[in-house]
Novice: 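This structure is in structure tokens; I'll ask about it shortly.
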Amino acid sequence: MSSPRTILITGCSSGIGYDAAHGLKARGWRVFATCRQQADCDRLQSEGLESFLLDYSDEASIEAAVAEVQARTGGTLDALYNNGAYACPGAVEDLPRSALREIFEVNLFGYHDLTRRVIPMMREQGAGRIINCSSVLGLVGMRWRGAYVATKFAMEGLTDVLRVEMRGTGIAVILIEPGPIPTLIRQNSIPHFEKWVKWESSARSEEYRSLLSRLYHPKTGPDPFELPCSAVTAKLIHALESPRPRPRYYVTKATHLMGFARRILPTRLLDWLIARS
């Protein structure tokens, strides 16, 4: 029997990464499900997954995780799914330089570092799939999300160039762009907001009160455009297993709507639409 296909997935403690890890394992993939915290790795191991540490903000952690994959597979890897990321809510004018530096280290530089380290394995075997999880916010910008939007716009550009550069190598480079998905990203953003944004002294302090209400209080119901994490996994499966994967996969109606609007609407009209959403 042939060996199962292998995939390294980041950000598997919950949400999109967690669903992807279990979904692909059920399809026969050998999944390396990584997390930033050892307690989460231990939990995933108890659920039958191969799990070890990978922290995008730590170059040594990335290097060690790739070495672990190489040791476990004999130096091969069929696919990488860059998924882990976080948000830092706040008006752009209130985001200090250090806040942007910190979020770019994880959401962009970490993706880039890990990708560069697995490409040699894929080149050697003549095939591979690199899949980056972007967002509807990699297509359009929305208020209070400037830091996250900036990382996703930059990651989209870097991914597009890498896709062109990998032509002829057997390595496919793919973007998945989810819209509203029920994950812990909002709750996980609170410590970053509290660390960096001095909202009480902001010129927008009154506007922040509506943001605080959404940030700290549970949602009263699902977003009308929301889909479960399994919807992202379904697109991931196509990106991994299709003989001719698409360069981009939109997930949720919101992403399709905003992708279409960005292509056809004048900038002022698009700004008006986004401001009302």
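These values consider heavy atoms only, across backbone and side chains, with no hydrogens, waters or symmetry-generated copies.
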Novice: For Ser13, is there any backbone N or O sitting under 3.5 Å from a side-chain donor or acceptor partner on Arg43?
Specialist: yes
Novice: Identify the heavy atoms of Pro245 and Arg129 that sit nearest to each other, and give their distance.
Specialist: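 Reported closest heavy-atom pair: CG-NH1, 3.5 Å.
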Novice: Output every pair passing ring pair (Phe, Tyr, Trp, His ring centres under 6.0 Å) with a member in residues 79-101, not counting sequence neighbours, ordered by first then second residue.
Specialist: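 Output for this query lists Tyr86-His192.
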Novice: Kindly state each residue pair satisfying side chain to side chain donor-acceptor pair (under 3.5 Å) with at least one member in residues 254-269, sequence neighbours excluded.
Specialist: Thr252-Thr255
Novice: Run the ring pair (Phe, Tyr, Trp, His ring centres under 6.0 Å) test against Phe153 and tell me which residues pass, sequence neighbours left out.
Specialist: none
Novice: Output, in order, the C-alpha distance, side-chain angles, deciding distance and verdict of side chain to side chain contact (heavy atoms under 4.5 Å, CB included) for Val136 and Tyr250.
Specialist: CA-CA 8 Å; Val136 63; Tyr250 287 180; over 6 Å; no
Novice: Measuring from Leu100:CG to Leu108:CG, what's the distance to the nearest 0.5 Å?
Specialist: 12.0 Å
Novice: Might you point out which heavy atoms bring Asn82 and Thr115 nearest each other, and give the distance in Å?
Specialist: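 Closest approach of Asn82 to Thr115, heavy atoms only: ND2-OG1, 3.0 Å.
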Novice: Look at the side chain of Thr34 and the backbone N and O of Phe52, then say whether any donor-acceptor pair between them is shorter than 3.5 Å.
Specialist: no
Novice: Angle class for the Trp144/Tyr208 ring planes (parallel below 30°, perpendicular above 60°, tilted otherwise)?
Specialist: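 Taking Tyr208 first and then Trp144, their aromatic rings sit tilted (interplane angle of 30° to 60°).
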Novice: Grouping I, L, V, M, F, W and Y whenever their side-chain heavy atoms are under 4.5 Å apart, do Leu80 and Leu24 come out in a common cluster?
Specialist: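 No, no single cluster joins them.
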Novice: Under the salt bridge (Lys or Arg N to Asp or Glu O under 4.0 Å) test, which residues partner Glu68, sequence neighbours left out?
Specialist: Arg72
Novice: Apply side chain to side chain contact (heavy atoms under 4.5 Å, CB included) to residues Leu215 and Ser189 and explain how you reach the verdict.
Specialist: CA-CA 9 Å; Leu215 194 59; Ser189 73; 3.5 Å; yes
Novice: Lys25 and Leu49: which non-hydrogen atoms are nearest, and at how many Å?
Specialist: CD-CD2, 3.4 Å
Novice: Any side chain to side chain donor-acceptor pair (under 3.5 Å) pairs touching residues 174-188, not counting sequence neighbours?
Specialist: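 Output for this query lists Glu177-Arg248.
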Novice: Taking atom types as modelled, is there a side-chain donor on Asp55 or Ser61 under 3.5 Å from an acceptor on the other?
Specialist: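 Asp55 vs Ser61: no donor-acceptor pair found between side chains.
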Novice: Report the C-alpha distance between Ser51 and Gln45 in whole Å, list the side-chain angles of each, state the deciding distance to 0.1 Å, and finish with yes or no for side chain to side chain donor-acceptor pair (under 3.5 Å).
Specialist: CA-CA 6 Å; Ser51 183; Gln45 289 169 13; 5.1 Å; no
Novice: Can you name the closest pair of heavy atoms from Pro182 and Cys229 and give their distance?
Specialist: O-SG, 3.7 Å
Novice: Going through the checks in order, is the side chain to side chain contact (heavy atoms under 4.5 Å, CB included) test met by Met122 and Gln125?
Specialist: CA-CA 5 Å; Met122 295 180 177; Gln125 65 202 22; 4.0 Å; yes
Novice: Would you say Thr10 and Asn83 are linked by a side-chain donor-acceptor pair, where the criterion is simply a distance under 3.5 Å?
Specialist: no
Novice: Where do Leu273 and Leu269 land on the side chain to side chain contact (heavy atoms under 4.5 Å, CB included) test, with the steps shown first?
Specialist: CA-CA 6 Å; Leu273 177 65; Leu269 187 53; 5.9 Å; no
Novice: Would you say the side chains of Ser230 and Asp19 form a donor-acceptor pair under 3.5 Å?
Specialist: no
Novice: Between Trp29 and Glu241, do the side chains contain a donor N or O and an acceptor N or O under 3.5 Å apart?
Specialist: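 Looking only at side-chain atoms, Trp29 and Glu241 do form a donor-acceptor pair, the distance falling under 3.5 Å.
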Novice: With sequence neighbours excluded, give me every salt bridge (charged side-chain N to carboxylate O under 4.0 Å, His left out) pair touching residues 103-120.
Specialist: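 Checked against salt bridge (charged side-chain N to carboxylate O under 4.0 Å, His left out) - neighbours excluded - the pairs reaching residues 103-120 are Asp113-Arg117.
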Novice: Calculate, to the nearest 0.5 Å, the distance between atoms CG and CD1 belonging to Leu8 and Ile130 respectively.
Specialist: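 Rounded to the nearest 0.5 Å, the CG-CD1 separation comes out at 11.0 Å.
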Novice: What heavy-atom pair brings Leu236 and Ala20 nearest, and what distance separates the two atoms?
Specialist: CD2-CB, 3.7 Å
Novice: Nearest 0.5 Å, what's the CZ-OG1 distance between Arg27 and Thr233?
Specialist: 10.5 Å
Novice: What's the shortest heavy-atom distance between Ser134 and Gly138, and which atoms?
Specialist: OG-CA, 3.9 Å
